[in-house]
Amino acid sequence: MPIRSARPVVMTALATKTQPVEDPLFAPLLAGDRRALARAITLVESTREDHRERADALLTALLPHTGRSVRLGITGVPGVGKSTFIERFGLHLIEAGHKVAVLAIDPSSKRTGGSILGDKTRMELLSRQANAFIRPSPAGTTLGGVARRTREAMLLVEAAGHDVAIVETVGVGQSETAVADMVDMFILLLPPSGGDDLQGIKKGVVELADLLVVNKADGDLARAAQRSASDYLNALRLLYPVSAAWMPEVRTCSAVEGRGIAEVWDAVGRYRAAQGEAGIARRRGVQARAWLWNEIGETLMAALRRHPEVKRQLAALEHDVETGALAPSAAARRILGTFLGR
Ligand SMILES: Nc1nc2c(ncn2[C@@H]2O[C@H](COP(=O)(O)OP(=O)(O)OP(=O)(O)O)[C@@H](O)[C@H]2O)c(=O)[nH]1
């Protein structure tokens with residue numbers, strides 16, 4: 001069953017007619033039970049068909065209780081200090097009374113433990129907090145698959161009462177775009193660079209960022225960090241029109257010393273004020289529509305690959321395409337013809 005917007009009147013009528021059984025995870029998750037939340041995330045991560053149906057039903061029921069968090073994406077190259085930063089940032093938010101969830105996207109990880117958050121020593125202090133929920137990246141082969149499950153996990157943490165949802169991704173590859181497509185604000189952590197150039201940082205990633213934070217602004221690196229920050233600011237001035245609703249800011253911080261962390265949260269507040277509720281809602285609407293088409297694509301492909309007759313034909317058609325006996329477009333049309341029963 002696809003995710004659909006909640007229509008209380010119709011739902012109530014349907015509910016009394018068919019008496020759908022409420023998922024046992026529904027009530028405890030809404031009450032903020034961590035085990036129920038963890039189990040619900042495991043459910044949405046499952047690829048089993050029956051689990052998928054249950055996950056869709058649970059998500060649909062929870063949908064009216066989602067959307068109330070500040071959705072932040074954080075990226076940066078390995079070693080820039082993401083986990084040190086997120087831990088400090090998360091602790092700062094918890095101290096201010098927030099409930100924080102950290103989710104990760106890392107489909108590329110071949111590291112032992114499987115994911116960037118798999119290592120138990122990461123964010124140890126934060127993970128011990130009652131108001132923090134940290135979830136490692138699910139194992140996945142495709143970015144699309146991992147992103148889909150992270151999006152759903154974000155809805156679940158929101159339903160469980162987390163009012164700040166942080167999606168972390170390692171700054172290599174395409175995952176930054178996937179994260180930028182599911183959050184309200186995208187934060188790029190940068191290392192202090194030695195020279196006055198922006199080498200090593202992909203321009204595309206800088207363009208996605210709403211806030212640039214040069215980390216490690218301490219000790220010997222303090223001056224280099226300041227210099228990098230002004231270089232980035234100059235570069236951004238060339239990228240963005242001054243009249244835009246939000247001109248990305250550049251800040252420095254020291255995650256290790258805990259300096260500049262509160263200022264990052266202040267910048268989040270300014271960003272949200274500049275966008276306004278309508279701006280955030282618009283961005284989320286565009287994201288939801290893109291997500292719908294993603295879902296259609298993924299679901300169609302999965303159905304296509306499962307189709308028995310398609311499966312039977314596929315090897316021969318692939319062989320014909322490989323040997324040049326058949327044009328890929330013609331083979332694709334035949335496969336789709338079979339799938340659609342034409
Ligand atoms: N001087 C200084 N070092 C820092 C700071 N933040 C992190 N580091 C150090 O940078 C190294 C990497 O920090 P992590 O937080 O593990 O970085 P990460 O980006 O999560 O790294 P990956 O797990 O490889 O993705 C560690 O040795 C940290 O102690 C900082 O503010 N100042």
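- Going from atom CG of Leu91 over to atom CD of Gln129 covers 5.5 Å, rounded to the nearest 0.5 Å.
- Closest non-hydrogen pair, Gln287 versus Asp181, comes out as CG-O, 3.0 Å.
- In the displayed structure, Asp220 atom CG is contacted under 6.0 Å by at most 12 heavy atoms of other residues, nucleotides or ligands.
- Side chain of Trp246 to backbone of Asp210: a donor-acceptor contact under 3.5 angstrom is found.
- Side-chain atoms of Arg283 come within 3.5 Å of backbone N or O of Val183 as a donor-acceptor pair.
- Hydrophobic clustering, with ILVMFWY side chains joined whenever heavy atoms are under 4.5 angstrom apart, groups Phe339 together with Leu314.
- Put simply, Leu221 and Phe85 are part of two different groups of oily side chains (I, L, V, M, F, W, Y) that touch within less than 4.5 Å, one to the next.
- At distances below 3.5 Å, at least one donor-acceptor pair connects side-chain atoms of Asn215 with backbone N or O atoms of Val80.
- Hydrophobic cluster membership differs between Met182 and Leu292, with clusters built from Ile, Leu, Val, Met, Phe, Trp and Tyr side chains linked at under 4.5 angstrom.
- Closest heavy-atom contact between Val44 and Arg149: O-CG, 3.5 Å.
- Remark: Arg223 CZ is loosely packed, at most 12 non-hydrogen atoms of other residues, nucleotides or ligands lying under 6.0 Å away.
- Contact record, Leu62 with Ala159: CD2-CB, 4.1 Å, taken as the closest heavy-atom pair.
- Rounded to the nearest 0.5 Å, atoms NZ (Lys216) and SG (Cys253) are 11.0 Å apart.
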Please output the side-chain donor-acceptor pairs of residues 321-329 that fall under 3.5 Å, not counting sequence neighbours, one pair per line with the distance.
from, atom 1, to, atom 2, distance (Å)
Thr323, OG1, His319, O, 3.0
Thr323, OG1, Asp320, O, 3.3

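- The heavy-atom pair separating Val157 from Ala165 by the smallest distance is CG2-CB, 4.3 Å.
- Residue Met123 holds its CE atom at 12.0 Å from CZ of Phe89, rounded to the nearest 0.5 Å.
- Two residues are said to be in side-chain contact when any heavy atoms from C-beta on lie closer than 4.5 Å; Glu168 and Leu103 fail this criterion.
- Separating the OG1 atom in Thr84 from the CD1 atom in Ile261 is a distance of 9.5 Å, to the nearest 0.5 Å.
- The backbone N or O of Ser254 sits nowhere less than 3.5 Å from a side-chain atom of Arg259 that would complete a donor-acceptor pair.
- Salt bridge Arg48/Asp50: present, at least one basic N to carboxylate O contact under 4.0 Å.
- In this structure the side chain of Arg52 never reaches within 4.5 angstrom of the side chain of Leu43, judged on heavy atoms.
- Lys99 places a side-chain N or O within donor-acceptor distance of the main-chain N or O of Ala160, the cut-off being under 3.5 Å.
- Inspection of the Thr42 and Arg135 side chains reveals an N or O donor paired with an N or O acceptor under 3.5 Å.
- Taking Glu309 as the reference, Arg312 meet the side-chain hydrogen bond (donor to acceptor under 3.5 Å, both in side chains) condition, with sequence neighbours excluded.
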What do the steps show when you test Asp266 against Arg270 for salt bridge (charged side-chain N to carboxylate O under 4.0 Å, His left out), and what is the final call? CA-CA 6 Å; Asp266 293 344; Arg270 278 196 299 282; 5.4 Å; no
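- Cation-pi geometry between Arg151 and Trp291 is met: the NZ or CZ atom falls under 6.0 Å from the ring centre, inside 45° of the normal.
- Looking at heavy atoms from C-beta onward, Val206 lies in side-chain contact with Leu212 at the 4.5 angstrom threshold.
- Asp56 places none of its side-chain heavy atoms less than 4.5 Å from the side chain of Glu53.
- Under the 4.5 Å side-chain criterion, counting only non-hydrogen atoms from C-beta, Trp265 is in contact with His98.
- With a 6.0 Å radius and a threshold of 12 heavy atoms from other residues, nucleotides or ligands, Arg305 has its CZ atom at or below the threshold.
- The OG1 atom of Thr338 sits 3.5 Å away from the CD atom of Gln313 when rounded to the nearest 0.5 Å.
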May I have the step-by-step check of side chain to side chain contact (heavy atoms under 4.5 Å, CB included) for Arg284 and Asp184, ending in yes or no? CA-CA 7 Å; Arg284 289 183 177 185; Asp184 303 331; 2.8 Å; yes
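- The backbone N or O of Ile105 sits less than 3.5 Å from a side-chain atom of Thr169, completing a donor-acceptor pair.
- Under the 4.5 Å side-chain criterion, counting only non-hydrogen atoms from C-beta, Val167 is not in contact with Ile74.
- Residue Pro248 comes nearest to Leu236 through the heavy atom pair O-CD1, 3.7 Å, listed as atom of the first residue, atom of the second, then distance.
- Under the rule for a side-chain hydrogen bond (donor to acceptor under 3.5 Å, both in side chains), Thr66 has no partner lying at least two apart in sequence or in another chain.
- Shown here is Arg54, whose CZ atom has more than 12 heavy atoms of other residues, nucleotides or ligands within 6.0 Å.
- At least one donor-acceptor pair closer than 3.5 Å links the side chain of Lys82 to the backbone N or O of Gly76.
- Taking 4.5 Å as the limit, every side-chain heavy atom of Arg272 sits out of range of all side-chain heavy atoms of Met185.
- The hydrophobic clustering, which links ILVMFWY residues whose side-chain heavy atoms are closer than 4.5 Å, places Leu125 and Val100 together.
- A side-chain donor-acceptor contact under 3.5 Å links Asn234 to the backbone of Ser230.
- Under the 4.5 Å side-chain heavy-atom criterion for Ile, Leu, Val, Met, Phe, Trp and Tyr, Trp293 and Leu59 are members of distinct hydrophobic clusters.
- Nearest heavy atom pair, residue Leu126 against residue Ala132, reads O-CB, 3.2 Å.
- One finds no salt bridge joining Arg334 and Glu318 here, because no Lys/Arg side-chain nitrogen approaches an Asp/Glu carboxylate oxygen to under 4.0 Å.
- Looking only at distances, no side-chain donor or acceptor of Glu263 sits under 3.5 Å from a matching main-chain atom of Arg251.
- Using modelled atom types, no side-chain atom of Asn131 and backbone atom of Ile94 make a donor-acceptor pair closer than 3.5 Å.
- In this structure, the separation between CD1 on Ile41 and OG on Ser46 is 14.0 Å, given to the nearest 0.5 Å.
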Can you check side chain to side chain contact (heavy atoms under 4.5 Å, CB included) on Met154 and Arg71, steps first, answer last? CA-CA 8 Å; Met154 186 157 70; Arg71 300 172 176 174; 3.6 Å; yes
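- Counting non-hydrogen atoms of neighbouring residues, nucleotides and ligands closer than 6.0 angstrom, the CD atom of Glu95 reaches no more than 12 such neighbours.
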